[in-house]
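Below: the structure, in structure tokens.
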Amino acid sequence: MAGVAKRRNGQPPRGHNIQSARDDFYTRISAHDMAPLWEVLKKLVPKEPVTQCAPAIWRYKDVRSFVDESGELITAKEAERRVLVFENPAMRGQSRITNTLYAGLQLILPGEVAVAHRHTASAIRLVLEGEGAYTSVEGERTLMSPGDFVITPHWTWHDHGNASKKPMIWLDVLDLPTVNFFEAAFMEHHDRPTQKANRDSGDSLDRYGSGVLPDGAPMQMKRSPIISYPYARIRPILDRMKKAGDVERRHGARVRYANPLNGGWATPTMGAHLALLPKGFKGENYRSTDGAVFVCLEGQGATKIEGQSYDWSYGDVFIVPPWKPHAHQASKESVLFSISDRPMQESLGIWREAI
Ligand code: 1HN
């Protein structure tokens, strides 16, 4: 072969044609499905996190009418789940709001049911509008109100219904992109459209969220036994924290949705918080390796992400990509919900924050 440089005594290869020799080599090993690491090493192992995810905001006042319109175009029965998916603008067509999470707005009209099924992906709901529709999870029929945080843990039967007189809209967040990354997705339908409800709304919160635990509670359970964390129960805690001055300089007065059995996260894949930002709050910059989905549940303010300001009010959903510095400000007393893949990163030992 012409121009192949010879390696001598540990010295770097010499010769004018080293690049063409390398290219020739790459071609030959490529035929055996092999490639040189040194050509891709820097991209494979960047010095700091590199994200495909773009910052983005969906303002409720802009998207709300599309949700209504979807109700005229398809029934919940036909759709199985009537959802408008939030696609990260840098990842269109992939049903991702961040690299690891899926999110969308679901509409369920009076009289409709969304049939019972289960899947390996975990889901959470954050209620934005309506009152009194239900989701049934493992036999507990949970009535929902705005601000309620409801979990559908992996492989639990779930169906929804709306026996109220008003449409109900909530945000769904699922770990679907992650489950599909592992290629570990299963799903099945229940043999009935609606599972039998044998526990009242609030049953699991009463049993597990009152400072006592039923004898023999499975302490190692990876997800919370509480199905619904009602806003009416959580919101006053934020007021107590604010009154006591427990307002963190970046996050405000913030609580974490926890698994009462072991203090872990409510689901093993997705971690959520609820934060109160007092009127006039000017948060300091923060960044962490978990990109987060934020939802405004009260008030009005803005979040600066890498120098660009995104103003928000009720129902707006916005994204802070991984490792991007951001700071919240509130012009009125505000409440922000947030959810991210932090539990997954923590269990892998890769989660980091910059303080
Ligand atoms: C799902 O089961 C629901 O149960 C919502 O409401 C959205 C998106 C993809 C896959 C399953 C629900 C979903 C979903």
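Whatever order the structure lists ligands and atoms in, that order sets their numbers, starting from 1. Bear in mind the structure is a predicted one, so any value in this text is a computation, not a measurement.
- Checking each of N88, T98, I305 against P321 for a side chain to side chain contact (heavy atoms under 4.5 Å, CB included) leaves exactly one that passes, namely I305.
- Atom CZ of F66 has 12 or fewer neighbouring heavy atoms from other residues, nucleotides or ligands inside a 6.0 Å radius.
- By the neighbour-count criterion of 12 heavy atoms within 6.0 Å, atom CG of D200 is sparsely surrounded, having that number or fewer from other residues, nucleotides or ligands.
- At most 12 non-hydrogen atoms from other residues, nucleotides or ligands lie less than 6.0 angstrom from CE of M34.
- Taking a heavy-atom cut-off of under 4.0 Å, ligand 1 is surrounded by R81, Y102, Q106, H117, H119, R125, H158, H160, D172, L174, L176.
- Note: W265 and H273 have perpendicular aromatic rings, judged against thresholds of 30 and 60 degrees for the angle between ring planes.
- The neighbour count for R352 CZ, taken as heavy atoms of other residues, nucleotides or ligands under 6.0 Å away, does not exceed 12.
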